[in-house]
Structure formats: C-alpha cells, structure tokens
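Worksheet for the structure shown next.
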Amino acid sequence: MSVQQSLIELPLDLDRQRIPSHVAVIMDGNGRWAKSRGFPRIIGHQKGVDALKDLLRCCDDWGVKILTAYAFSTENWGRPAHEVEFLMTLFERVLRRELEEMMAENVKIRFIGDLKALPDSLQSEIAHAMGKTSQNKGIQFNIATNYGSRQEIIHACQSIASLVKEEKIQLDDINEELLENYLYTGGIANPDLLIRTSGEMRLSNFLLWQMAYGEIYVTQTLWPDFNRQEFHRALLDYQKRDRRFGKLN
Ligand code: IPE
Ligand code: IPE
Ligand code: MG
C-alpha cells in the first residue's frame with residue numbers, strides 16, 4: 001500500500017474534533033515547478049489541477065466542510081496573453097471533465113470573483129456547474145477566479161451605498177454582518193486555515209477581510225507537489241495553534 005493510499009482515513013495523530021471547517025489555499029509555485037524540470041509554465045498549471053483534485057477529495061475524506069482555492073487573481077491578467085488564455089481554457093476543460101464526478105461525490109461548487117470579465121464560454125460552464133450542484137449536500141468547493149479582495153470590498157461598498165441612496169437601509173444599518181453578506185463569500189463562514197505553497201509569505205489580495213482571524217500556514221513545497229502528507233503536516237501545525245481572537249485564554 002502506498003503512503004498516499006494509507007492516508008485515505010484521517011491520520012490517528014489528528015484530533016477529529018479540531019479539523020478546520022473551512023480551509024483556503026493559495027496554490028502557488030506552478031511555474032517554478034515546471035521551470036525546475038525544464039518544462040513550459042503551463043505544464044505546472046496542468047499538474048496543479050491534479051493536486052487540487054486530490055486535496056478536495058482529502059478534505060472530504062477527513063471532514064473539512066469547505067475548501068476555497070485561489071485559481072486566478074485580478075492581477076493575474078497582467079501575465080503574458082498565452083498563459084492567461086491557457087488558464088481560461090484549462091478552467092473550462094477541467095470543469096466540463098470533472099462535473100459528473102463532482103456530482104457523484106455530492107460536491108457543491110461555487111465560483112467567487114468578478115465572473116463577468118471571464119470568457120463567455122467559461123461563464124456558461126460556471127453557471128451550469130453552479131446550477132447543477134446547487135442542491136448538493138457534500139463538501140462546498142469555492143473556486144476564486146478573477147478574484148481580488150480589494151475589488152470585492154469595493155463591489156460590496158457600491159452595493160451597500162446604493163441601498164442607502166435608495167433609502168432601503170440607514171447608515172447605522174451598516175455593520176460587519178451586512179458587509180460580509182455583500183462579499184463574494186456571502187453566506188460562507190470565514191476560513192479557519194489558509195495554506196500557501198511555494199514559501200511566499202503574503203496574501204496576494206486573497207480574502208483580506210475574511211482572514212482577519214484565520215490561521216496561516218506556509219510551506220516551501222510547490223503546488224503541484226502538495227499532497228496528503230503535506231496537508232497532514234499543515235493540519236498538525238494548525239491543531240497546535242492557540243486561537244485567541246484577541247482574548248485571553
Ligand atoms: C500559481 O502558480 C497559479 C496561478 C497564479 C494561476 P504560479 O503561476 O504563480 O507559479 P509561480 O509562482 O510563477 O511559480
Ligand atoms: C496568487 O499567486 C494567485 C494565485 C495563486 C491564483 P501569484 O503568483 O499571482 O502571487 P504573487 O504575484 O507571487 O504575489
Ligand atoms: Mg506565483
């Protein structure tokens with residue numbers, strides 16, 4: 001039995017009661033993974049899809065309720081056109097290919113970000129996938145595509161400002177709960193744990209509001225190499241943390 005297979009069940013050194021409900025992941029290092037092997041960057045993105053598929057399954061196996069993955073940032077449009085085009089086509093292809101299996105596994109899919117700027121064909125694939133899986137009761141899988149937290153907060157402010165202008169709410173009605181409802185993540189609990197691969201210690205415009213008290217774990221491992229052993233390590237580290245939320249224990 002391979003090590004990977006032996007990790008289908010929750011590892012015994014993890015406390016089942018303290019598994020994070022919501023895990024978010026910045027899947028970074030695809031380009032460096034490919035480069036170090038002499039491949040074009042896009043091969044790294046392709047390999048990255050397999051790592052994400054396995055993490056989704058692992059989260060489901062180990063009792064994580066929500067997985068949110070950063071697939072494309074509002075700043076990633078600034079990359080060379082061929083890489084951007086490749087990624088858009090990849091998202092579409094993967095979504096079409098994996099939908100049946102995700103249905104069978106009861107996964108509920110949601111895309112977060114400014115989806116209107118995505119290619120039309122990808123937008124329809126996204127609408128189809130979200131509609132088809134909307135009643136599923138299994139793990140919730142959020143994919144951040146054309147997502148930028150600053151843009152998300154501005155978008156929420158605009159929605160709220162127009163409610164005030166139309167006198168549907170008063171200024172005093174604006175509070176944390178209301179603002180959260182207008183974020184792309186409205187209705188989704190904040191992440192408990194954010195994992196970033198490839199050693200970078202920054203948020204890169206991901207879930208700025210939502211991560212106010214989320215735990216951050218950074219690994220040097222590049223995203224295509226992130227596997228169940230790596231996730232196990234991240235969870236062990238998370239379970240050692242003392243989450244105080246500003247209070248004293
Ligand atoms: C993350 O890997 C994937 C996306 C941003 C789409 P990168 O493409 O950023 O890989 P590196 O950081 O250049 O190695
Ligand atoms: C963050 O990675 C975006 C995604 C993983 C989709 P980047 O590679 O774009 O971030 P920076 O440029 O290193 O901050
Ligand atoms: Mg990167």
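Each ligand, and each atom within it, is numbered from 1 in the order the structure gives. Quick note: residue numbers are just sequence positions, from 1.
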Answer yes or no: does an N/O atom from [X] fall short of 3.5 Å to an N/O atom of ligand 2?
| X | result |
| --- | --- |
| Asp28 | yes |
| Tyr70 | no |
| Ser204 | yes |

Count I, L, V, M, F, W, Y as connected when their side-chain heavy atoms are under 4.5 Å apart, and connections chain through other members. Are [X] and [Y] then in the same cluster?
| X | Y | answer |
| --- | --- | --- |
| Leu87 | Tyr147 | no |
| Met103 | Leu95 | no |
| Leu52 | Ile66 | no |
| Leu194 | Tyr184 | yes |
| Tyr217 | Leu14 | yes |

Please report which non-hydrogen protein atom sits nearest to [atom], along with the residue it belongs to and the distance in Å to one decimal place.
| atom | result |
| --- | --- |
| atom 9 (O) of ligand 2 | Asn76 ND2, 3.0 Å |
| atom 10 (O) of ligand 1 | Gly31 N, 2.9 Å |
| atom 12 (O) of ligand 2 | Arg202 NH2, 4.6 Å |

Would you mind telling me if ligand 1 is within reach of the side chain of Leu222, the backbone, both or neither, using heavy atoms under 4.0 Å?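 For Leu222, there is no contact with ligand 1 at all, from either part.
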Which bit of Glu200 is near ligand 1, meaning a heavy atom under 4.0 Å away: side chain, backbone, both or neither?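 Answer for Glu200: neither.
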Take the angle between the ring planes of Phe231 and Trp62 and call it parallel below 30°, perpendicular above 60°, tilted in between.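 Answer is parallel, since the angle falls under 30°.
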May I ask you to say whether Glu101 pairs ionically with Arg57, meaning some side-chain N is under 4.0 Å from a carboxylate O?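 Answer for the salt bridge query: yes.
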Side chain, backbone, both or neither: the part of [X] lying under 4.0 Å from ligand 2 by heavy atom:
| X | value |
| --- | --- |
| Arg196 | side chain |
| Phe72 | backbone |
| Met27 | backbone |

Does an N or O anywhere in Trp33 fall below 3.5 Å from an N or O of ligand 1?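 Such a contact does not occur with ligand 1.
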Among the heavy atoms of [X], does any lie under 4.0 Å from an atom of ligand 1?
| X | value |
| --- | --- |
| Arg79 | yes |
| Ala71 | yes |
| Gly29 | yes |

Check: Glu230/Thr221 side-chain N/O donor and acceptor closer than 3.5 Å: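 Thr221 and Glu230 do have a side-chain donor-acceptor pair below 3.5 Å.
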We want to know whether Asn146 and Trp77 form a side-chain donor-acceptor pair, criterion being a heavy-atom distance below 3.5 angstrom.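 Indeed, the side chains of Asn146 and Trp77 share at least one donor-acceptor pair under 3.5 Å.
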In Asp28, which N, O or S atom comes closest to the Mg ion (ligand 3)?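 Relative to the Mg ion (ligand 3), the closest nitrogen, oxygen or sulfur of Asp28 carries the name OD1.
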Start with the C-alpha gap between His22 and Gln210, add the side-chain angles, then the distance that decides, and say whether side chain to side chain contact (heavy atoms under 4.5 Å, CB included) holds. CA-CA 11 Å; His22 184 174; Gln210 297 88 337; over 6 Å; no
Right, does atom 14 (O) of ligand 2 have protein non-hydrogen atoms nearer than 4.0 Å?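 Protein heavy atoms within 4.0 Å of atom 14 (O) of ligand 2 - there is at least one.
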Counting only heavy atoms, tell me which of Asn30, Leu87, Thr145 gets closest to atom 3 (C) of ligand 1.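 Looking at heavy atoms only, the winner is Asn30.
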Restricting to non-hydrogen atoms, name the atom on Gly44 and the atom on Trp33 that form the minimum distance, rounded to 0.1 Å.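 Between these two residues, the closest heavy atoms are CA-CE3, 3.9 Å.
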